[in-house]
Amino acid sequence: MIHVLSPADGTLVGTVADEGSLGVAAAAQRTRAAQPAWEAIGPDARAGWLFRYRDWLLDHDEELATLLQQETGKPWQEATLEIPFALDLINYYGARAAGYLQDEHPRPHGLGTAAKRLTVGYRPYQLVGVICPWNFPLMIGLADSIPALLAGAAVVLKPSELTPLATERAIAGWSEIGAPAVFACVTGAGEAGAALIDVVDYAQFTGSTATGRKIAVRAAERLIPCSLELGGKDAMIVLADADLERAANAAVWGAMFNAGQACVSVERVYVEAPVHDAFVALVTAKAAALRQGEDSARYQADVGALASPAQLAIVEAQVQDAVAKGARALTGGRRSALGGTFYEPTVLAGVDHTMTAMREETFGPTLPIMAVADADEAVRLANDSRYGLSASVWTRDASRARELARRLEAGSVNVNDVFANLFTFPVPHAGWKQSGLGARLGGPYAIRKYCRTQAVTESRITPRAELIWYPYSPRKGRLAGRLLRLLHARDRGRRLRKG
Ligand code: NDP
């Protein structure tokens, strides 16, 4: 049995079974058995089930948000954002799945294959395993599962043992609407996650780079594909001509949202020297004004608790390391007097790249800010990281912003906004370097990534034998050679020269 505790005050919120590898195997067997019929009903019928599921989610949004808030310690406002994200996703991909999965008929690429009829079809992997972290249990779990279900795959999802309650309830809703048994939740610890990778045909993981690497190794051993959405150390670059008020508001929200426990949170800021002091003053005042606390009274807190004592220890160690090396905490810089796993919203000035706060993923409510001479230095420092998830550029000069975006080593760049790309489904969300493998969403890619392509090549003209088949002979060989030369050479001399 797993006991789920409130990070805010340590009280028991609920329990779930510790299903282990046996539970994983049973869920895999059940969902695999149901998958062929699920694939056979076609994308429109599958979308129909997802639209019914959307309605169930809407009818249970308050219940799900309450569970989420209790198990994660999020403010109410943030707990209510996860379901709408899933609804938007169902509407977007439900309406497009059939189009994305339609057979394609590319034209033959040259005269040599002109008589072929070509088809590329999309056939789903039978079983997709989705492993989720504790920071956005429903949003991430559903964002990865919905496209897989629309593709025609079955899905077994393992939520984090820290936050399994809302996910288990949400997936119970799939059975409550009477949908085919192709979507299952298994609860358990990391061991259940590892067992899941051993039974699926495709692994979709979100979490730390360390665990992601283990999953990639196991997937390689089994020769199954995996897609990894890992950590980030996202940089924000503020140029001297930026709208400082908007940039400061975004920096504070982007760093403190979900208590900083977002893969795409603003983890470090580089500000051009002429506006550094003004920016820091704005940001410090805004961060100091944030209300922190347990938010069951709703809309009374802006920043919640951290997910676990382990997370609190990481944040505390990074801030202490920075201060010991000369940084200044302009606000916060310590555990909150509220107790639990609350850490005060913290703005750090005077930071540099010798500090873990500027190099390691923090995943906490901290905002380290560094002055830079110019945009070139900002880009160089932003790229000086083993991570490459996302970044943002702040300037009133659109062409400058685009030019800087191209120089940043990050899968997503937002201009005058923070992580807006997450809510724009047509673009992919991909981590570069140690931030991931593959991508999430991105128009057709979201669904097609869960499919194998199948090429069907039909011969429309069928002589007894093709020119390059048996029997081989000098006459046929010369003829084939001349023909190929004629087709592939691009100048008269080479076309006509004898082979
Ligand atoms: P993990 O990567 O360990 O946890 C993420 C998920 O993986 C959880 O569901 C976990 O299950 C599961 N898991 C753990 N071990 C295995 C395994 N061997 N095989 C398969 N699944 C496994 O994250 P941590 O909780 O350790 O967090 C540490 C750091 O990771 C954070 O400080 C943060 O920097 C980063 N992180 C990044 C996230 C992101 O969104 N990019 C999300 C979460 C963390 P269980 O919880 O039950 O052990």
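Order of appearance sets the numbers: ligands from 1, and atoms from 1 within every ligand.
For atom 27 (O) of ligand 1, the closest heavy atom belonging to the protein is Trp134 CZ2, 3.7 Å. Of all protein heavy atoms, the one closest to atom 48 (O) of ligand 1 is Glu161 OE2, 3.2 Å. What sits closest to atom 42 (C) of ligand 1 on the protein, heavy atoms only, is Pro133 CB, 3.3 Å. Scanning the protein heavy atoms around atom 46 (O) of ligand 1, the nearest turns out to be Ser160 OG, 2.8 Å. The protein heavy atom nearest to atom 34 (O) of ligand 1 is Glu361 OE1, 2.7 Å. Among all non-hydrogen protein atoms, the one lying nearest atom 41 (N) of ligand 1 is Leu230 O, 3.0 Å. Closest protein heavy atom to atom 8 (C) of ligand 1: Cys132 O, 3.4 Å. Given atom 19 (N) of ligand 1, the protein heavy atom at minimum distance is Ala194 N, 3.4 Å.
With 3.5 Å as the limit, one finds no donor-acceptor pair spanning the side chains of Asn414 and Ser392. Checked by atom type, the side-chain pair Gln318/Thr362 shows a donor-acceptor distance below 3.5 Å.
Of the candidates Ile131, Thr211, Thr206, Thr362, Thr206 brings a heavy atom nearest to atom 5 (C) of ligand 1. When the heavy atoms of Ser308, Pro159, Gly193, Ser208 are ranked by distance to atom 28 (C) of ligand 1, first place goes to Ser208.
Against a heavy-atom cut-off of under 4.0 Å, Ile215 is close to the following atoms of ligand 1: 20 (C). Short contacts between ligand 1 and Gly188, defined as distances under 4.0 Å to a heavy atom of the residue, involve ligand atoms 47 (O). Taking a cut-off of under 4.0 Å to the non-hydrogen atoms of Gly231, the atoms of ligand 1 that pass are 41 (N).
By the 4.5 Å heavy-atom criterion applied to side chains, Cys132 and Thr206 are not counted as neighbours. Proximity of Arg222 to Asp198: side-chain heavy atoms (C-beta onward) are separated by under 4.5 Å at one or more points.
In this structure, CG in Leu306 is found 11.0 Å from OG1 in Thr72, a value given to the nearest 0.5 Å. Here Tyr93 contributes atom OH and Leu150 contributes atom CG; the two are 10.0 Å apart, rounded to the nearest 0.5 Å.
A cation-pi arrangement is found for Arg96 relative to Tyr92, the charged atom lying closer than 6.0 Å to the ring centre and inside a 45° cone about the ring normal. Taking the ring axis of Trp49 as reference, the NZ or CZ atom of Arg52 stays within 45° of it and closer than 6.0 Å to the ring centre.
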- Could you go step by step and tell me if Tyr53 and Leu142 meet the side-chain contact (heavy atoms from CB on, under 4.5 Å) rule? CA-CA 11 Å; Tyr53 187 51; Leu142 293 174; 4.1 Å; yes
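Asp384 has no carboxylate O lying under 4.0 Å from a charged side-chain N of Arg380, or vice versa, which leaves the two without a salt bridge.
Proximity of Gln311 to ligand 1, defined as any heavy-atom pair under 4.0 Å, is confined to the side chain (atoms from C-beta onward). Of the heavy atoms in Phe205, only side-chain atoms (C-beta onward) come closer than 4.0 Å to ligand 1. Using a 4.0 Å cut-off between heavy atoms, Ile314 contacts ligand 1 through its side chain alone, with no backbone atom that close. Looking at Ala210 against ligand 1, nothing comes within 4.0 Å, counting heavy atoms.
Nearest heavy-atom pair across Met370 and His276 is C-CD2, 4.1 Å.
Heavy-atom contacts from other residues, nucleotides or ligands closer than 6.0 Å to CD of Glu63 number more than 12.
Residue contacts with ligand 1: Gly232 is excluded, as none of its non-hydrogen atoms falls under 4.0 Å. Residue contact annotation: Lys158 has a non-hydrogen atom under 4.0 Å from ligand 1.
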